[in-house]
Amino acid sequence: MVRVRFAPSPTGYLHIGGARTALFNWLFARHNRGKFILRIEDTDRSRSTEEYIEAIIEGMRWLRLDWDEGPFRQTDRFEIYRRYVERLIAEGKAYRCYCTPEELEERRKKALSEGRTPKYDGRCREIREPIPDRPFAIRFKMPQEGQVVIKDMIKGDVVFENNQLDDLIIMRSDGTPTYNFVVVVDDVEMAITHVIRGDDHLNNTPKQVHIYSALGYKTPEFAHLPMILGSDRTRLSKRHGATSVLAYRDMGYLPDALVNYLVRLGWSYGDQEIFSRQELIEYFSFENVGKSSAIFNPEKLLWLNSQYMIRSDERELSELVIPFLIREGIIHEGHKVDIEWLSRAIRTLKERAKTLVELAKMLRYYIAEEVEYEEKARDKFLTPETLRLLQELRYSLEGLAEFSASAIEDVFRKHISRHKIKLGQLAQPVRVAMTGGTESPGIFEVLEVMGKEKVLKRLDRAIEYIKGR
RNA sequence: GGUCCCAUCGUCUAGAGGCCCAGGACGUAGCCCUCUCAAGGCUAAAACACGGGUUCGAAUCCCGUUGGGACCGCCA
């Protein structure tokens, strides 16, 4: 049974890189009908916050990456770690270190300034009896001879020389355990079979492998995912723009589009670009995961989002766009929305809007009482020459029994052939009258969606405007 | 600096020794469609980092060089 976990530390929001790690874990679990576990790595109490824990969970929910066990919190499990630490001490595999952080820092600086690699010298290894009344940390005795081979599902075999590894601190002087240790204990306790994480952890892996052996457990399989980089090829971070997953939600992206984008960063399936969740689960495999890092490209994400908008059901989009309509001030909180009508409006717009934010903005002219004319559009199209045209059209439309796009089109066609003009010469002024601007869906559908009453009202207003020019 | 990882169009990638004077997608440019804007269709420019091997044959295997990245905490 495959058991994997996503183990974020709540020292920030769920970001793009973390989300992709979570996603690959989730896909691997679902593909293999295994379990996906969520574990919060909050052993650093000074930097972890409740707010971040909430935000990470919210991000996971939004992306619909559901987990089967957890969220577990390491701060609830300190007793467990203490037991393992004591065992290692009793077995002589760990020892008390009385060096102070200040001393350590000083030695590190000295090593660096002399061009040496900083490494703990192991001086406290030899202390036999505990020194009373002196604070101490616990260090793990790292083997200093031989090598470790990490068999990685993505990178292949990676070899490390043991003499490069330090005796790392597994428990701080305040009694709290550290990352490289708790990770191993938890992965053992939670029976994790595959550790899938960013390749920034690859250098930690040999240390962890030695902890597994010291504890007497078999190592899990490893898969180290290549990093996601910003446009300057450094690790993706705030200065590259939005990196929080929830920021993309707020910018009007669809979670499935983000998931699709993220999965294609490093994974491929022939030439296919767009995948349903079902396909993703079915096709996912580490065989098709690349080894090299990838640059986050917001333009491709935007394109994917527009593709997902086009393919989305209008009723679904209706529900999703409402918060954005409120945020744009187009409707008020608690406003009763006619979903049926909104869906029809969205049908005309969804292939034009790349995000829910854009969709909300485009809906303004359908929903608002009045439109505001864009200056250029108004000056160009609401001219005295069009006055008669608009007046005649207005009366023909008023007489229409069935206010449908095709009936409206018939009316337009009659008018343009009578006046021997091109459709654009009539459509553009009408478009400005209806939307205030020069860009919109097909004019007949716009009128149908808007409804006779609003159409007549807006034509009247345009006519009045021209008269008053 | 040390350790480790990586290297195909600007970007994401296909490529498992001959199917490749390298395919798809985003972006860019042009054309078509057209009531505007999109969407869609067609076309174009655009890459195997470099140098050595191995082989009848290398984008693919090996070595080196160069370049990029990550990590080197009583952070995770």
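We name chains A, B, ... by the order of the sequence lines, and we start the count at 1 in each one.
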Whole-Å gap separating [atom2] ([N]) and [atom1] ([X]):
| X | N | atom1 | atom2 | value |
| --- | --- | --- | --- | --- |
| A:L262 | B:U13 | CG | P | 12 Å |
| A:M171 | B:A76 | CE | C1' | 17 Å |
| A:L265 | B:A14 | CG | P | 12 Å |
| A:E106 | B:C74 | CD | C1' | 16 Å |
| A:F6 | B:A76 | CZ | P | 16 Å |
| A:K291 | B:C4 | NZ | C1' | 13 Å |

So, do A:F24 and A:H194 have ring centers that fall under 6.0 Å from each other? no
What about A:F444 and A:F412, are their ring centers closer than 6.0 Å? yes
Measure from the side chain of [X], starting at C-beta and using heavy atoms only, and say which of [options] lies closest.
| X | options | result |
| --- | --- | --- |
| A:R108 | B:C4, B:G69, B:C74 | B:C74 |
| A:M227 | B:G23, B:A70, B:C74 | B:A70 |
| A:S292 | B:C6, B:A70, B:A76 | B:C6 |
| A:N297 | B:U11, B:A76, B:A25 | B:U11 |
| A:S268 | B:C12, B:A70, B:A14 | B:A14 |

Between A:H419 and A:E392, is there a side-chain donor-acceptor contact under 3.5 Å, judged purely by atom types and distance? yes
Note, [X] side chain near [Y] side chain (heavy atom, < 4.5 Å):
| X | Y | answer |
| --- | --- | --- |
| A:F136 | A:M171 | no |
| A:R394 | A:L456 | yes |
| A:F72 | A:D186 | no |

Which residue lies toward the 5' end of RNA chain B, A:R264 or A:Q272, if each is placed at its nearest nucleotide? A:R264
Please state the [atom1] separation for the pair [N] and [M] - nearest whole angstrom.
| N | M | atom1 | result |
| --- | --- | --- | --- |
| B:G23 | B:A46 | P | 12 Å |
| B:U13 | B:A47 | C1' | 12 Å |
| B:U11 | B:C4 | C1' | 26 Å |

Examine the base of B:G24 for any acceptor or donor lying under 3.5 Å from a partner atom in the side chain of A:E273, and report the outcome as yes or no. yes
Do A:S173 and B:C74 have a side chain to base donor-acceptor pair shorter than 3.5 Å? yes
Return a single string for nucleotides 32-51 of chain B, one symbol per nucleotide in 5' to 3' order, where B is base contact, S is sugar-phosphate-only contact and - is none, cutoff 4.0 angstrom on heavy atoms. ---BBBBSS-----------
Using Watson-Crick or G-U wobble geometry with both distances under 3.5 Å, which nucleotide pairs with B:U55? none
Would you please confirm or rule out a distance under 4.0 Å between OP1 or OP2 of B:C71 and any side-chain N or O of A:R235? yes
If the test is side chain to side chain donor-acceptor pair (under 3.5 Å), which one of A:T11, A:T75, A:T49 qualifies with A:D42? A:T75
